[in-house]
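Contents: one structure, followed by commentary.
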Amino acid sequence: MNKVQKLKKLHKKWLQECTCELRKNAIQGVPGDGSANAQIVFIGEAPGSKEDKVGRPFVGSAGKFLAEMLESVKMKRDDVYITNIVKYRPPKNRDPTSKEIADCTQWLEDEIKLIDPTLIVFLGRYAMNHFFPKEKISEAHGVLLTENHFGRVRNFLPLYHPAASLYNGSIRDVMKDDFKMIPKILGELK
Ligand code: URA
C-alpha cells in the first residue's frame, strides 16, 4: 500500500472512531487534505462553517488568504498538506476545549507520522500552544522551533492564523514576511 492509500485508510478509520464530542453537532468530520508526500504540513485550529459543509480544511476566507500566501512563495495547495488540531467544527466557531483537542490528537499524530514532513507550520496559537504551551504567538511567529514531537525531533514554524490577517493589516504584513521564510528554511533543512 502506498502513502496515498495509507492516508485514505487512516482518515476512514478515524472518521469512524474519533470520540470527539464535537461530532454530535458538526455536519461531518474534516480530515487533513493535500499531498501525502508533502514536505510541509500546515496545522490550523478547527473547521469553520464552510469547512463543515464542504468537508475540506481552509476552504473559506482564511483558506483564500492561505492560498494567496502559498502562491506568493510559488507553492500550490496540492504541493502541501493542510490539517487542523480539531477535526470537527466547534458550535458557533467557539475555541476548542482542551478535551476536544486531546480527543483529536491521535488522529493528528497519525497523519504527521505517516507524511513525515520536513517542516510543520502552525497556523495560529491554538496549534502552536498544543505542542509548545509556553510560547506566545506574538514572540514565536517566524521563529524556527526544533523539538521532539510525533516520534522524533522535528522542525516547527509558528505563524499567525490567516483569519487574524484578514482583519488586521499589520498582521497581514507580518504574515507575508514570515511566509517568505518557508522556502528558505526548507532549502536549509534539506
Ligand atoms: N480555520 C482553521 O483553523 N481551520 C480551518 O480549516 C478553517 C479555518
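Remember, it's 1-based here, ligands and their atoms both numbered in the order they're listed.
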Donor-acceptor pair between Asp178 and Tyr160 side chains, under 3.5 angstrom: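 Asp178 vs Tyr160: no donor-acceptor pair found between side chains.
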
Heavy atom of the protein closest to atom 5 (C) of ligand 1 (residue, atom name, distance):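 Of the protein heavy atoms, Ala46 O, 3.4 Å lies nearest.
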
Quick one: nearest non-hydrogen protein atom to atom 4 (N) of ligand 1, plus distance? Asn84 OD1, 2.8 Å

Ligand 1 atoms in contact with [X] (distance to a heavy atom under 4.0 Å):
X     : answer
Glu45 : 2 (C), 3 (O)
Pro57 : 6 (O)
Gly44 : 3 (O)

Derivation of the side chain to side chain donor-acceptor pair (under 3.5 Å) call for Ser35 and Asn37: CA-CA 5 Å; Ser35 169; Asn37 297 298; 4.7 Å; no

Can you confirm, on distance only, whether ligand 1 has an N/O atom lying under 3.5 Å from any N/O atom belonging to Phe58? yes

Can His161 be said to touch ligand 1, with heavy atoms closer than 4.0 Å?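 His161: in contact with ligand 1 (<4.0 Å).
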
Hey, are the side chains of [X] and [Y] touching, using non-hydrogen atoms and a 4.5 Å cut-off?
X      : Y      : answer
Ser72  : Lys180 : no
Trp107 : Asn84  : no
Ile43  : His130 : no

Nearest heavy-atom approach of Tyr88 to Cys20 is CD1-CB, 4.2 Å

